[in-house]
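Notes to accompany the following structure.
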Amino acid sequence: MSRALHLRVLGGLTAAALTVVLAGCGDDKDKDKDADHDADSSAAQADAACPDDISTAVKTALPTDVPNPGGVAYDYESQGKTRIWFFALDGSPDSLSKIRDTYDTTLTGKGYKIGDTDQEEESEAEAEFDGPHDGTVNVRNLCEGKAVLRLTLHS
């Protein structure tokens with residue numbers, strides 16, 4: 001291959017690689033739009049009427065070494081070894097992190113260790129925990145006067 005052809009091929013490959021890299025860089029405005037949409041959706045959820053089924057308990061109980069966060073586990077899902085319960089709790093958009101913190105304290109009292117926590121004001125509050133079971137807690141708006149605490153056990 002001639003040197004000129006070699007340089008053209010190398011230049012084309014470099015340009016293609018740069019195009020892929022730059023295409024992966026999203027616009028912060030798009031990220032802001034997504035965050036705004038999530039916050040708007042959460043606020044709308046907080047004002048919505050509550051579904052009828054949030055007072056009907058699921059048949060699958062929590063393991064005995066996992067404290068109940070209160071309220072009724074109205075939904076349950078499993079995905080392989082991962083098990084997920086959804087609890088309807090009294091709450092409002094401004095109490096989501098308090099609900100999470102209260103449950104974190106309950107978990108700590110049962111020997112669990114709280115890892116990372118995060119919250120999006122009036123939208124959601126999350127925590128990771130380790131102990132007899134590893135898992136996560138996610139609290140978000142469910143409907144008017146209610147929050148949903150999603151308790152996920154990975155082990």
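FYI, side chains are in, hydrogens and waters are out, and symmetry mates aren't considered; it's all heavy atoms of this structure. The residues of the chain are indexed from 1 along the displayed sequence.
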Where do [X] and [Y] come nearest, in terms of heavy atoms and distance?
X      : Y      : answer
Asn141 : Ser92  : OD1-C, 4.0 Å
Arg140 : Ser123 : CB-O, 3.4 Å
Pro63  : Arg83  : CG-NH1, 3.8 Å

| said: Once salt bridge (Lys or Arg N to Asp or Glu O under 4.0 Å) is applied, do any residues pair with Asp90, and if so which ones, sequence neighbours excluded? | reply: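 Once residues adjacent in sequence are excluded, the partners of Asp90 under the salt bridge (Lys or Arg N to Asp or Glu O under 4.0 Å) criterion are Lys146.
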| task | For Leu62 and Asn68, run side-chain contact (heavy atoms from CB on, under 4.5 Å): C-alpha distance rounded to whole Å, both residues' side-chain angles, the deciding distance at 0.1 Å, then the answer. | result | CA-CA 7 Å; Leu62 287 171; Asn68 186 311; 4.3 Å; yes
Got a sec, which pairs hit disulfide bond (SG atoms under 2.5 Å apart) with one end in [range], sequence neighbours left out?
range           : value
residues 95-129 : none
residues 95-155 : Cys50-Cys143
residues 87-130 : none
residues 89-121 : none

| Should Leu153 and Ile114 be counted in the same cluster of Ile, Leu, Val, Met, Phe, Trp and Tyr side chains packed under 4.5 Å apart? |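 Shared cluster, yes.
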| field | Single-linkage hydrophobic cluster, 4.5 Å side-chain cutoff, Leu107 and Leu96 together | value |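 Same hydrophobic cluster.
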| Those residues that, when tested against Glu126, pass side-chain hydrogen bond (donor to acceptor under 3.5 Å, both in side chains) (two or more places apart) |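 Testing Glu126 for side-chain hydrogen bond (donor to acceptor under 3.5 Å, both in side chains), a comparison that skips the adjacent residues, returns Asn138.
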| field | Residue pair Leu149, Ile99: steps toward the side-chain contact (heavy atoms from CB on, under 4.5 Å) verdict | value | CA-CA 8 Å; Leu149 184 145; Ile99 293 168; 4.2 Å; yes
| query | What pairs with Asp116 under side chain to side chain contact (heavy atoms under 4.5 Å, CB included), at least two apart in sequence or on another chain? | reply |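 Asp116 satisfies side chain to side chain contact (heavy atoms under 4.5 Å, CB included) with Glu128 only.
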| task | Identify, with sequence neighbours excluded, every residue that meets side chain to side chain contact (heavy atoms under 4.5 Å, CB included) alongside Thr152. | result |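 Thr152 satisfies side chain to side chain contact (heavy atoms under 4.5 Å, CB included) with Thr82, Ile84, Thr136, Arg150, His154 once adjacent residues are dropped.
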| task | Enter the distance from Leu89:CG to Leu142:CG here, rounded to the nearest 0.5 Å. | result |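 Separation between the atoms: 9.0 Å.
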| field | Reported CD-to-CG distance for the pair Glu121 and Asp94, which is rounded to 0.5 angstrom | value |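 Rounded to the nearest 0.5 Å, the CD-CG separation comes out at 9.0 Å.
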| request: Can you tell me which residue pairs pass the side chain to side chain donor-acceptor pair (under 3.5 Å) test with a partner in residues 96-106, sequence neighbours excluded? | output: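 Matches after skipping sequence neighbours: Arg100-Gln119.
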| request: Please collect all side chain to side chain donor-acceptor pair (under 3.5 Å) contacts where either partner lies in residues 52-62, sequence neighbours excluded, each pair once. | output: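 Of all non-adjacent pairs touching residues 52-62, none passes side chain to side chain donor-acceptor pair (under 3.5 Å).
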| task | Sequence neighbours left out, what pairs pass ring pair (Phe, Tyr, Trp, His ring centres under 6.0 Å) with at least one residue falling in residues 105-153? | result |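 Listed once each, the pairs are Tyr112-Phe129.
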| request: Sorted by first residue and then second, give each ring pair (Phe, Tyr, Trp, His ring centres under 6.0 Å) pair with at least one member in residues 68-98; sequence neighbours left out. | output: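 Pairs touching residues 68-98 that pass the test: Tyr76-Trp85.
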| said: Are more than 12 heavy atoms, taken from residues, nucleotides or ligands other than Glu144, located less than 6.0 Å from that residue's CD atom? | reply: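 Count not over threshold, so no.
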